[in-house]
Amino acid sequence: MFKDNSSTLDNAPVRPLKRALAASILVLLPVIASQPVVAADKQTVAYIAPSLDISYWQWVAYGVKQRAKELGMDYVEFTSENSPAKQMDNVRTAMTRGVTAIVMGPVSSTSTPPVLRLLKSKSVPIAFTGIGPQAGETDFTSAVTANNYDTGKAQGTYVCKLAKDRGSNKVAMLSLPQDRENAQKYMKGAQESFKADGCDLVQVLETHGLTVNEAVQQANDVLTAHPDVKAIYGMYDEAATGAAKALQTRGIVGKVAVVTADGSPTTIKLLRDGTIQGIFLQEAVGQGIDATTQVYNALNHKPTTQQLALKEPLVTKETIDHPEAQATVKRVYPPSAGSY
């Protein structure tokens with residue numbers, strides 16, 4: 001009787017093929033299995049700025065990106081266009097993209113509670129830069145800001161002295177929006193100094209867009225309404241630039257003193273020229289660096305500091321080129337922004 005071996009014969013070549021495929025799969029499995037682990041282990045920091053139209057927030061971004069690279073972290077960037085709603089959208093988008101930590105310059109302090117609730121639910125660390133969260137909030141890794149209250153006091157004392165040197169105790173202020181905790185601290189310190197030192201704060205104008213043109217208009221409004229003002233307290237860099245332009249147009253440079261916080265290539269040039277009299281340097285780049293270090297530490301179970309207030313040293317025309325002043329300036333803005 002004839003035996004049909006067709007199935008055996010047909011399958012004979014298949015066995016070596018199956019063995020080869022099985023061996024290949026065994027070789028590939030460790031490679032395939034390793035891919036998700038690598039992706040999961042790669043830490044990513046998102047920087048969310050209130051607006052990237054403002055040089056200050058660009059400089060914070062430089063610090064975040066620089067430090068992330070040093071720490072082996074990926075970096076992504078968002079701008080909230082000064083909108084709390086857009087800010088929340090950015091946070092949700094970052095979560096969707098698998099970001100593991102956030103560094104944020106918030107639109108305002110009052111906009112931070114819903115952000116913190118969401119990030120707490122996802123166990124994502126967040127460090128604030130420049131502007132801290134709303135008073136009473138505790139569910140955040142770090143707030144890396146300037147020492148605003150102490151700076152406000154020191155700047156208030158210096159402004160008052162310069163006004164009196166020019167024959168008046170009348171001063172004015174170009175202020176940041178007062179819905180920001182940093183601006184509130186600046187204001188509190190300044191008001192305490194003016195009261196203690198015998199100066200009269202005759203007018204405060206808040207910025208709406210942090211532009212030089214707005215500051216020019218506001219400085220002109222102040223000088224028209226109060227011709228006896230002899231010093232202007234600038235709470236942000238563009239305030240000093242705008243005030244300086246107003247003084248130049250009026251031909252009264254030096255007759256009204258201008259002092260500001262922050263610092264930039266523009267205001268440092270104005271300082272060297274004698275158009276403005278002092279800058280309390282705020283480390284925008286340094287805040288980005290230090291905030292990124294804080295969230296990295298949180299991710300890697302290292303110690304963190306929740307309130308990290310950086311000093312704002314005063315520099316004048318006489319001190320700007322001192323080595324310690326130059327070291328601070330290099331944490332204010334990146335080399336691409338201009339000379340130091």
Side-chain angles (χ1 to χ4, degrees), residues 40-52 54 56-146 148 179-182 185 282-310:
D41 287 346
K42 186 69 171 179
Q43 295 171 343
T44 302
V45 60
Y47 170 58
I48 303 177
S51 170
L52 286 171
I54 305 298
Y56 183 90
W57 298 114
Q58 296 168 17
W59 299 343
V60 174
Y62 174 86
V64 177
K65 190 173 184 178
Q66 178 188 58
R67 186 62 175 143
K69 183 178 180 180
E70 293 170 356
L71 294 170
M73 304 177 80
D74 283 340
Y75 170 87
V76 294
E77 184 179 280
F78 301 87
T79 177
S80 299
E81 299 169 4
N82 294 314
S83 163
K86 179 67 173 176
Q87 181 173 267
M88 277 302 299
D89 287 344
N90 287 336
V91 173
R92 293 190 185 99
T93 300
M95 296 297 93
T96 302
R97 292 176 61 174
V99 161
T100 51
I102 288 177
V103 171
M104 176 184 285
V107 170
S108 65
S109 298
T110 54
S111 72
T112 59
V115 170
L116 292 176
R117 285 194 295 271
L118 175 59
L119 295 182
K120 182 182 180 181
S121 72
K122 303 293 184 181
S123 299
V124 174
I126 178 172
F128 294 101
T129 60
I131 304 166
Q134 182 168 278
E137 295 293 334
T138 58
D139 293 321
F140 61 95
T141 303
S142 188
V144 185
T145 63
N148 305 119
D179 62 356
R180 300 178 176 185
E181 59 84 35
N182 60 325
K185 290 176 180 176
Q282 184 167 193
E283 300 177 0
V285 170
Q287 288 176 4
I289 290 170
D290 293 350
T292 306
T293 300
Q294 291 297 308
V295 293
Y296 176 83
N297 286 351
L299 288 172
N300 294 282
H301 312 292
K302 296 180 179 181
T304 59
T305 302
Q306 190 169 54
Q307 296 290 345
L308 190 55
L310 307 180

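Please read all numbers here as calculations on a predicted model, not as lab measurements.
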Look at the side chain of Lys122 and the backbone N and O of Thr100, then say whether any donor-acceptor pair between them is shorter than 3.5 Å.
no
Which heavy atom of Thr304 sits nearest a heavy atom of Ala298, and at what distance?
CG2-N, 3.7 Å
Can you label the angle between the Tyr75 ring and the Tyr47 ring as parallel, tilted or perpendicular, going by 30° and 60°?
parallel
Please lay out, stage by stage, how Ile102 and Val295 fare under the test side-chain contact (heavy atoms from CB on, under 4.5 Å).
CA-CA 7 Å; Ile102 288 177; Val295 293; over 6 Å; no
So Arg67 and Val45, side-chain contact (heavy atoms from CB on, under 4.5 Å) or not? Walk me through it.
CA-CA 10 Å; Arg67 186 62 175 143; Val45 60; over 6 Å; no
If every non-hydrogen atom of Ala284 is compared with every non-hydrogen atom of Trp59, which pair is closest and at what distance?
CB-CB, 3.9 Å
For side-chain contact (heavy atoms from CB on, under 4.5 Å), just list the numbers for Lys69 and Thr292, CA-CA rounded to whole Å, side-chain angles, deciding distance to a tenth of an Å, and then say yes or no.
CA-CA 10 Å; Lys69 183 178 180 180; Thr292 306; over 6 Å; no
Looking only at non-hydrogen atoms, find the nearest pair between Ala309 and Ala146 and report the distance.
CB-O, 4.1 Å
Got a second to check how far Thr293's OG1 is from Glu70's CD, nearest 0.5 Å?
8.0 Å
Please report the interatomic distance CD1(Ile48) to CZ(Phe128), rounded to the nearest 0.5 Å.
10.0 Å
Please name the pair of heavy atoms, one in Leu308 and one in Ser142, separated by the smallest distance, quoted to 0.1 Å.
CB-OG, 4.3 Å
Where the side chain of Thr145 meets the backbone of Ile131, is there a donor-acceptor pair that is under 3.5 Å apart?
no
Would you give the length of the straight line joining atom CE of Met73 to atom CG of Leu299, rounded to the nearest 0.5 angstrom?
5.5 Å
Please answer whether the main-chain N or O of Leu52 pairs with a side-chain N or O of Gln58 as donor and acceptor at a distance below 3.5 Å.
yes
Assess whether side-chain contact (heavy atoms from CB on, under 4.5 Å) is satisfied between Gln287 and Tyr56, documenting all intermediate values.
CA-CA 11 Å; Gln287 288 176 4; Tyr56 183 90; 2.7 Å; yes
Side chains of Leu116 and Pro133, heavy atoms from C-beta outward: is any pair under 4.5 Å?
yes
Is it true that a side-chain atom of Gln294 and a backbone atom of Gln306 form a donor plus acceptor pair closer than 3.5 Å?
no
Please set out all donor-acceptor pairs under 3.5 angstrom arising from side-chain atoms of residues 84-93, sequence neighbours excluded.
| unit_1 | atom_1 | unit_2 | atom_2 | d |
| --- | --- | --- | --- | --- |
| Gln87 | OE1 | Val107 | N | 2.8 |
| Gln87 | NE2 | Ser111 | OG | 3.0 |
| Asn90 | ND2 | Thr79 | O | 3.1 |
| Asn90 | ND2 | Ser80 | OG | 3.2 |
| Asn90 | ND2 | Lys86 | O | 3.4 |
| Thr93 | OG1 | Asp89 | O | 2.9 |

With a 3.5 Å distance limit and no angle check, can you tell me whether Ser109 reaches the backbone of Glu181 through a side-chain donor-acceptor pair?
yes
Could you measure the distance from the CG atom of Asn182 to the CG atom of Asn148? Nearest 0.5 Å is fine.
5.0 Å
Residues Thr141 and Pro125: closest non-hydrogen pair is OG1-CB, 3.2 Å
Does the side chain of Gln43 reach to within under 4.5 Å of the side chain of Leu71, using non-hydrogen atoms?
no
Which pair of heavy atoms, one from Asn297 and one from Pro303, lies closest together, and at what distance?
ND2-O, 3.2 Å
Distance, nearest 0.5 Å, that separates CG of Asp139 from CD1 of Ile126:
11.0 Å
